[in-house]
Amino acid sequence: MLGRARVSVDEREIVLSRQNFSFLAYLVVFREVDHPREVLIEQFWSSCDPARARSCLGTALSRLRKTLLKINGSNWLELSPLGEPRICLSAPVHFDVVAVEAGISASLAAPKGELEGLVLADLQNALGNYRGDLLLGWYDDWVLIERERLRLLCLRGYRRLMEHYSDVGDFENALSSGHAALRIEPLQEQVQQKVIELYYSSGQQVAAIRQYDRLTQLLRNELGIAPSPTTRNLIDRIRAGQSI
């Protein structure tokens with residue numbers, strides 16, 4: 001669901017209707033919630049009269065369940081004790097959204113500094129699953145809200161990874177993580193500061209100054225402002241060859 005929306009089995013892509021995929025994506029993204037049918041109707045069929053909307057929901061659930069059963073014989077959908085549809089997370093299915101959230105959340109809950117092996121591996125795998133924004137090309141209100149939430153979560157994940165590599169003295173991977181964060185949000189000045197520091201700490205003074213110059217141009221073009229006093233003070237010390 002991150003990047004181009006698709007379902008695949010054994011590297012063979014399965015075609016779902018847009019409505020089926022939208023319905024499936026909604027249940028996966030909000031998988032911790034049992035969804036009252038009234039809420040689903042309001043989300044997907046608010047323009048229909050009540051009787052028609054209930055019929056549409058029943059048809060959508062039936063079609064989606066049948067389609068998913070044909071894919072690998074697993075029942076991805078189940079009902080709560082109150083009859084509310086929800087995604088079955090015990091089904092043998094990999095959802096990239098689930099993997100991203102779980103891996104990043106674990107790293108953010110860990111103590112600051114160097115990450116332990118398993119937490120680090122889960123974070124790296126999680127960020128590897130982030131192949132683009134949620135449901136690219138879809139503009140439903142709930143998609144836009146969740147898209148931004150996931151982008152910010154990945155930004156925090158890359159910052160945490162940068163912190164880890166910086167603490168263990170791996171400047172190359174720290175810089176790579178920092179630039180990945182900036183590809184998500186280039187206006188994050190704290191990340192820009194850290195990238196500048198990393199360049200300087202790894203003996204790349206010229207690269208540090210160039211990074212500052214790019215930041216200055218970006219802030220001027222996008223926001224009409226100059227770098228913060230903290231950033232200007234940092235680059236002054238770097239230009240003077242002082243410790244930071």
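Heavy-atom basis, side chains included; hydrogens, waters and symmetry copies ignored.
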> Does the side chain to side chain contact (heavy atoms under 4.5 Å, CB included) test come out yes or no for L134 and M1, once each step is laid out?
Replying inline: CA-CA 6 Å; L134 177 70; M1 299 176 188; 4.0 Å; yes
Check the side chains of [Y] and [X] for a donor-acceptor pair under 3.5 angstrom, ignoring hydrogens and angles.
X: N129; Y: H94; result: yes
X: T231; Y: Q193; result: yes
X: D122; Y: N125; result: no
X: Q217; Y: R214; result: no
X: Q188; Y: R159; result: yes
X: E189; Y: S228; result: yes

Within 45° cone of W138 ring axis and under 6.0 Å: R18 NZ or CZ: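 Yes, a cation-pi geometry holds between R18 and W138.
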**Asked** How close do F44 and S22 get, heavy atom to heavy atom, and via which atoms?
**Response**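 That closest heavy-atom pairing would be CE2-OG, 3.3 Å.
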What closest approach, in Å, do A5 and L135 show between heavy atoms, and which atom pair accounts for it?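 Shortest heavy-atom separation between A5 and L135 comes out as CB-CD2, 3.7 Å.
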Item to complete: Output, in order, the C-alpha distance, side-chain angles, deciding distance and verdict of salt bridge (charged side-chain N to carboxylate O under 4.0 Å, His left out) for E78 and R65.
Response: CA-CA 9 Å; E78 61 184 8; R65 184 178 289 109; over 6 Å; no
Ring centers of Y26, H35 separated by less than 6.0 Å: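 Close enough - the centres of the two rings lie under 6.0 Å apart.
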Taking CG in D49 as the centre, count heavy atoms belonging to other residues, nucleotides or ligands within less than 6.0 Å. Is the count above 12?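 Count over threshold, so yes.
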| Do other residues, nucleotides or ligands put more than 12 heavy atoms under 6.0 Å from E172 CD? |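 No, because the 6.0 Å sphere around CD of E172 holds 12 heavy atoms or fewer from other groups.
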Might you work through the side chain to side chain contact (heavy atoms under 4.5 Å, CB included) test for I235 and R239, ending with a clear yes or no?
CA-CA 6 Å; I235 202 64; R239 283 172 172 154; 4.0 Å; yes
Practice problem: List the steps and the verdict of salt bridge (charged side-chain N to carboxylate O under 4.0 Å, His left out) for E101 and R149. | Solution: CA-CA 10 Å; E101 290 186 308; R149 182 184 68 82; 2.5 Å; yes
Report task. Apply side chain to side chain contact (heavy atoms under 4.5 Å, CB included) to the pair L64 and Q19, showing each step before the final yes or no. Result -> CA-CA 9 Å; L64 181 57; Q19 183 186 62; over 6 Å; no
Notebook entry, point to check: Taking it one step at a time, do R147 and D133 satisfy salt bridge (charged side-chain N to carboxylate O under 4.0 Å, His left out)?
Noted result: CA-CA 6 Å; R147 181 180 295 163; D133 285 338; 5.1 Å; no
- Are L150 and L136 grouped together when hydrophobic residues (ILVMFWY) are joined by side-chain heavy atoms under 4.5 angstrom apart?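 Unlinked, L150 and L136 end up in two clusters.
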Indicate, with yes or no, if M162 and Y199 share a hydrophobic cluster defined by side-chain heavy-atom contacts under 4.5 Å among Ile, Leu, Val, Met, Phe, Trp and Tyr. yes
Handout entry: Point-to-point distance, once rounded to the nearest 0.5 Å, from CG of L198 to NE2 of H179
Key =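 L198 CG to H179 NE2: 9.0 Å, rounded to 0.5 Å.
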**Contact check, side chains of E38 and E42, non-hydrogen atoms, under 4.5 Å** =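 E38 vs E42: side chains apart.
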request  = Taking R31 for its side chain and V28 for its backbone only, find out whether a donor-acceptor pair lies under 3.5 Å.
outcome  = yes
